[in-house]
Amino acid sequence: STGYGSMALLSAGYALRDPQAFIDLVRAATAHLPRKPSDIELEEYIEDLITSDKYDETFDAIFEEVKKSPLLKKAMQMKA
């Protein structure tokens with residue numbers, strides 16, 4: 001979980017294409033894993049996506065998965 005009200009912030013961060021929103025999304029998605037990506041790994045991953053011109057495409061794909069959850073969709077105040 002990203003915390004109370006965080007989905008609205010994530011939605012805004014997504015609209016702005018904010019790398020911090022991307023990091024927050026990855027952190028939330030990997031919170032249950034025994035080994036989570038480090039800050040350095042996340043920064044390097046995002047830098048690689050940006051330099052290979054795949055940042056927007058990857059952010060879109062991840063966000064599309066988020067939108068499949070009715071609970072998260074409601075939290076972001078999105079229409080079904």
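Residue numbers start at 1 and run along the sequence shown.
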Measuring from atom CZ of Phe22 to atom CD1 of Ile62, what distance do you get when rounded to the nearest 0.5 angstrom?
4.0 Å
If you round to the nearest 0.5 Å, how far is CG of Leu49 from CZ of Phe59?
11.0 Å
Should the pair Tyr14 and Phe63 be assigned to parallel (<30°), tilted (30 to 60°) or perpendicular (>60°) ring geometry?
parallel
Euclidean distance, Thr51 OG1 relative to Ile46 CD1, rounded to 0.5 Å:
12.0 Å
NZ/NE/NH1/NH2 to OD/OE distance under 4.0 Å, Asp60 and Arg17:
yes
Taking every non-hydrogen atom, the tightest pair across Thr30 and Pro37:
OG1-CD, 3.6 Å
Counting only heavy atoms not in Leu33, do more than 12 fall under 6.0 Å of its CG?
yes
Within a 6.0 Å radius of atom NZ on Lys54, are there more than 12 heavy atoms belonging to other residues, nucleotides or ligands?
no
Identified side chain to side chain contact (heavy atoms under 4.5 Å, CB included) partner of Ser38 from the options Lys36, Arg35, Glu41:
Glu41
Euclidean distance, Leu42 CG relative to Asp24 CG, rounded to 0.5 Å:
10.0 Å
